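Structure, as structure tokens:
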Amino acid sequence: MEKKKVCIVGGGAAGMIAAIMAARNHATVTVLEHNEKTGKKLLATGNGRCNLTNEKQEKGCYHSEHPDILWDVLQNFSFQQTLNFFKEIGIYPVSKNGYFYPSSMQASSVQELLEMEARFLKVKIKCKEHVKEIKVSGDAIEGSRFSVVTETWQYPADAVILACGSCASEIDGADGSGYTLAKQLGLKVINPLPALVPLKGKGNYFSKWSGTRIYGKIHLQSCNKIMQTEEGELQLTDYGVSGIPVFQLSGLAAQLLHNQHSVILNIDFLPDFTKKELEDLLQKRKELCPYKTTKELCIGLLPKKLIEVLVIKNMELSELTEKIKSFPLEIVGTKPFSNAQVCQGGVSLEEISSETMECKKIPGLYLAGELLDADGICGGYNLQWAWSSGACAGKEAALW
Ligand SMILES: Cc1cc2nc3c(=O)[nH]c(=O)nc-3n(C[C@H](O)[C@H](O)[C@H](O)COP(=O)(O)OP(=O)(O)OC[C@H]3O[C@@H](n4cnc5c(N)ncnc54)[C@H](O)[C@@H]3O)c2cc1C
């Protein structure tokens, strides 16, 4: 029987696992990647250590306009199957409180082993090939259903997997061209917005607190409601706030701002104290050292740069307590896509079958990874989506 020709657009996380799965299922596979090498974004993941996945898999860890479709896809190639796959290709996964990394703690191991396995399976990897168009049936060449058009060549294919990723990050190649290809093919693209991104605040004091890291609790308030609460290490910057708790609620903030709603982050800089406990503590410190100014009273309790922002002249201790426990920061925007780790939005999951990742409108076309309307919180969830959707698309495209 003649082998199926599968062409994969994008040699990132989803594209490389798709290539391996398609080749294992006896297809002739070509990966077209416009960067000079595969997996450039992968190399930057987890601060260069690659947080591969997470053992806690719950619906609430992911977002999409169609969460049930997303969840079905994750069941098709589960967390456990993902770990097994990586063990097979040579990764020794280790858990840090349920967050999985390669034992080498090097994202480069993941990129290298994916490419090694693909090459062993005779996958053709063509770098510096920017795909600008995908022609379907009537226009196709050599009797194949698809023709994948780059600047220099046309690749015939029986099945195509679009795995172009999103426009998030400053890493080369994240140009959002996958959205253009999807739109050219008539697919619905939900407006992409940045997610897992720092937030810009309104105020003239940011240079004072810039560079401070502090454990805190943040409540995102909009429409007179607390919409999300996160806790962890905050990074106070010269434009506003960053850090994992900020990332976790940044997607919601981006959506609210996009829909013209106001967004306030209420920051609790000392979440271990109740208001009463904190006021009593400040009072006690004042009694112990009556010679200290209010600013001096805070030394040893809060970072110096933060004290400069929080304490103003002739302030009552009750007022200071209120400010420490409930500091209102008006959010005016997110940092741009280049500072985001992922995009929310993308090709609507309505366009695909959750069992196969095949496009309902265009048989033989498959989609995978962040190009789709699926994103996760920090902690290995975005890669898990890439592995699950990519593995499924690769296997099914070979069998098509
Ligand atoms: C700094 C950073 C850290 C992160 N850390 C983590 C983490 O630790 N854990 C986690 O789960 N997630 C993490 N993520 C998110 C994760 O990296 C992505 O969700 C994941 O890489 C998406 O995989 P993908 O294959 O869909 O897209 P990508 O990995 O972006 O791959 C898409 C590929 O397609 C290529 N391409 C695009 N358009 C074309 C075209 N027209 N022609 C040819 N090639 C094209 C691109 O060059 C790219 O190589 C991080 C992201 C960033 C930016």
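All ligand and atom numbering here is 1-based and tracks the order in the structure. Source: prediction; values computed, not measured. All residue numbers in this chain count up from 1 along the given sequence.
Looking at atom 53 (C) of ligand 1, its nearest protein heavy atom turns out to be Ser169 CB, 3.3 Å. Closest to atom 31 (O) of ligand 1 among all protein heavy atoms lies Gly12 CA, 3.2 Å. Ranking the protein heavy atoms by distance from atom 42 (N) of ligand 1 puts Val131 N, 3.0 Å first. Ranking protein heavy atoms by distance to atom 10 (C) of ligand 1, first place goes to Leu383 CG, 3.4 Å. Protein heavy atom nearest atom 27 (O) of ligand 1, with residue, atom name and distance: Gly165 CA, 3.3 Å. Of the protein's heavy atoms, His34 NE2, 3.3 Å lies nearest to atom 36 (N) of ligand 1. For atom 9 (N) of ligand 1, the closest non-hydrogen atom on the protein side is Asn51 O, 3.0 Å. What sits closest to atom 34 (O) of ligand 1 on the protein, heavy atoms only, is Gly10 CA, 3.1 Å.
Annotation for ligand 1: atoms under 4.0 Å from non-hydrogen atoms of Lys41 are 17 (O), 21 (O), 29 (O), 30 (O). Proximity to Ala163 (heavy-atom distance under 4.0 Å) selects the following atoms of ligand 1: 32 (C), 33 (C), 34 (O). Residue contact check: Leu32 has heavy atoms under 4.0 Å from atoms 43 (C), 44 (N) of ligand 1. Atoms of ligand 1 found under 4.0 Å from any heavy atom of Tyr381, numbered from 1 in the order shown, are 11 (O). Below 4.0 Å from some heavy atom of Ser177 lie the following atoms of ligand 1, by number and element: 38 (N), 39 (C), 40 (C), 41 (N). Shown in contact with Asn35 at under 4.0 Å from a heavy atom are these atoms of ligand 1, numbered in order with element: 47 (O). Each of the following atoms of ligand 1 lies closer than 4.0 Å to a heavy atom of Gly173: 37 (C), 46 (C), 47 (O). Interface atoms of ligand 1 facing Gly369, defined by a heavy-atom separation under 4.0 Å, are 26 (O).
Note on ligand 1: Glu129 sits in its first shell, one or more heavy atoms being nearer than 4.0 Å. A heavy-atom separation below 4.0 Å is not found between Ala168 and ligand 1. The closest approach between a heavy atom of Gly380 and any atom of ligand 1 is below 4.0 Å. Residue contacts with ligand 1 include His130, since one or more of its heavy atoms lies under 4.0 Å from the ligand. Distances from ligand 1 to the non-hydrogen atoms of Val342 include at least one value under 4.0 Å.
Between Trp385 and Tyr381, the gap from one ring centroid to the other reaches at least 6.0 Å. Within the 6.0 Å centre-distance limit, the rings of Phe79 and Phe100 are counted as a close aromatic pair.
Looking only at distances, no side-chain donor or acceptor of Trp387 sits under 3.5 Å from a matching main-chain atom of Ala14. Within the 3.5 Å criterion, the main-chain N or O of Lys188 finds a donor-acceptor partner in the side chain of Glu351. Proximity of a side-chain donor or acceptor of Ser250 to a complementary backbone N or O of Leu196 within less than 3.5 Å is detected. Looking at Asn382, its side chain does come within 3.5 Å of a backbone N or O of Gly376 through a donor-acceptor pair. A donor-acceptor contact shorter than 3.5 Å is absent between the side chain of Lys128 and the backbone of Asn35. In this structure a side-chain-to-backbone donor-acceptor pair under 3.5 Å is missing from Glu370 to Gly165. In terms of modelled atom types and a separation under 3.5 Å, the side chain of Asn339 and the main chain of Lys335 share no donor-acceptor contact. Judged by distance alone, with hydrogens and angles left aside, the side-chain atoms of Glu277 form a donor-acceptor pair with the main-chain N or O of Thr274 at under 3.5 Å. Side-chain atoms of Lys361 come within 3.5 Å of backbone atoms of Gly186 as a donor-acceptor pair (strictly under, hydrogens ignored).
The side-chain contact (heavy atoms from CB on, under 4.5 Å) with Leu162 is formed by just one residue from the set Ile134, Val131, Val148; it is Ile134.
Considering both main-chain and side-chain atoms, Gly46 comes within under 3.5 Å of ligand 1 through a nitrogen or oxygen pair. Here's the thing with Gln384: none of its N/O atoms is less than 3.5 angstrom from an N/O atom of ligand 1. Of the N or O atoms in Ala340, none lie within a sub-3.5 Å distance of an N or O in ligand 1.
Heavy atoms of Thr150 found under 4.0 angstrom from ligand 1: none, in either backbone or side chain. Contact annotation for Ala174 and ligand 1: no heavy atom of the residue comes within less than 4.0 Å of the ligand. The backbone and the side chain of Glu370 each have at least one atom closer than 4.0 Å to an atom of ligand 1 (non-hydrogen atoms only). With a 4.0 Å cut-off on non-hydrogen atoms, Ala13 touches ligand 1 through its backbone as well as its side chain. Using a 4.0 Å cut-off between heavy atoms, Trp385 makes no contact with ligand 1 at all.
The nearest non-hydrogen atom to atom 52 (C) of ligand 1, considering only Glu33, Gln341, Glu36, comes from Gln341. Checking Thr45, Val9, Leu196, Asp375 against atom 50 (C) of ligand 1, the nearest heavy atom belongs to Thr45.
Counted by atom type alone, Ser318 and Glu322 present zero donor-acceptor pairs between their side chains at under 3.5 Å. Side-chain contact annotation: Gln228 with Glu230, donor-acceptor N/O pair under 3.5 Å present. Residues Tyr155 and Glu129 have side chains that bring a donor and an acceptor to within less than 3.5 angstrom of each other.
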Apply side-chain contact (heavy atoms from CB on, under 4.5 Å) to the pair Cys343 and Phe337, showing each step before the final yes or no.
-> CA-CA 8 Å; Cys343 277; Phe337 282 112; 3.6 Å; yes

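Of all heavy-atom pairs spanning Asp238 and Ser210, the tightest one is N-OG, 3.5 Å.
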